[in-house]
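Okay, structure first, notes after.
Sequence lines set the chain letters: A, B, ... in the order given, protein chains first and strands last, and positions in each chain run from 1. What you are looking at is a predicted structure, and each value in this text was computed from that prediction instead of being measured.
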Protein chains: 2
Amino acid sequence: MAIAPDEAATQTLVRDLLERIGDKWSVVVICQLGGSTRRFNELRRLCAPITQRMLSVTLRGLERDGLVRRTVFDTKPPRVDYALTARGLSLLAVVRGLAGWAESHVDEILESRATFDGD
Amino acid sequence: MAIAPDEAATQTLVRDLLERIGDKWSVVVICQLGGSTRRFNELRRLCAPITQRMLSVTLRGLERDGLVRRTVFDTKPPRVDYALTARGLSLLAVVRGLAGWAESHVDEILESRATFDGD
DNA sequence: CCGCATCCTCTCTGATACTG
DNA sequence: CAGTATCAGAGAGGATGCGG
């Protein structure tokens, strides 16, 4: 019978999470942030070819959800550091888990795609 | 082995996976398919309020990647069954893993969102 | 150096209507 | 029952220029 006691809740939770990290850049930023602290343009280079705008938007979203911490230094020229919070780090672990599955199955999936001809 | 042997590859793999399951309905369909075989309209009710079109599109995508198997019975009225493949089932396990993280952190994230006012 | 504002395009999604 | 075709709206994402 039921392996999953509450399928509906599972779906909703996962969909919420995917709306968080399912966008184009969140995962890339999280991975590049890793355990290190990075400055804005440094991160931008690491996440190339991300645009300035999308890095800004993505970081703000992650910060909003408490996954990234933003530290402003009131110097000249200005300096802003970004780092994963503890919560962000735990998400990074989840992302690495996803990578494991993807790595194991990417070849088969590409194979399926190539073979598929619409039935 | 290293915690992060190849960050760049990790990002790409995860992004590819998210482009597969990051759409609005794939996860819902996969969850509802679970271990069971379902017919089209049955699945449609379970995935409500999905539209006919989106269920069709989503299933076709999943089938294309070998995650769902489509079985046509040449009867009248027509009957088509859908079920997860072994690959699809392994993905379902991954999705349940995501749900675990989401469940643990959804409250804190909502809290962060409510508190966040642009720093 | 850091980042916002504007505009614009392109994809995803949903509504609706039609077919075997 | 199980789809496909067409159209239209919404929103993500990219280009560019300005400001602190």
Can you measure from CD (Glu63(B)) to OG1 (Thr85(B)) and round to the nearest 0.5 angstrom? 10.5 Å
Approximate separation, where rounding is to 0.5 Å, of Leu46(B) CG and Arg39(B) CZ: 13.0 Å
Whether the side chain of Arg53(A) and the base of dG13(D) hold a donor-acceptor pair under 3.5 Å is what I'd like checked. yes
Tell me: CG of Leu59(A) to C1' of dG3(C), nearest whole Å? 11 Å
Length of the line joining Arg44(A):CZ and dC1(C):P, which is rounded to integer Å: 11 Å
From C-beta outward on [X], which listed nucleotide comes closest to its side chain: [options]?
X	options	answer
Arg60(B)	dG14(D), dG3(D), dC2(C)	dG3(D)
Asp23(A)	dC1(C), dG3(C), dG13(D)	dG13(D)
Thr51(A)	dT13(C), dA2(D), dG14(D)	dG14(D)
Arg39(B)	dG3(D), dC1(D), dG14(C)	dC1(D)

Check whether more than 12 heavy atoms from other residues, nucleotides or ligands sit under 6.0 Å from atom CD of Glu103(B), and answer yes or no. no
Under 4.0 Å between a side-chain N or O of [X] and OP1 or OP2 of [N]?
X	N	value
Trp25(B)	dC12(C)	no
Lys24(A)	dG14(D)	yes
Arg70(B)	dG3(D)	yes
Tyr82(B)	dG3(D)	yes
Ser56(A)	dC2(C)	no

Using a 4.0 Å heavy-atom cut-off across all strands, classify Phe73(B) as base, sugar-phosphate, or nothing. nothing
Are side-chain N/O atoms of Ser112(B) and Arg87(A) paired as donor and acceptor at under 3.5 Å? yes
Before accepting this row, confirm whether a basic side-chain N of the pair Asp81(A)/Arg70(A) lies closer than 4.0 Å to the acidic partner's carboxylate O. no
Quick one: on DNA chain D, does Gln52(A) or Pro78(B) contact a more 5' nucleotide (nearest heavy atom)? Pro78(B)
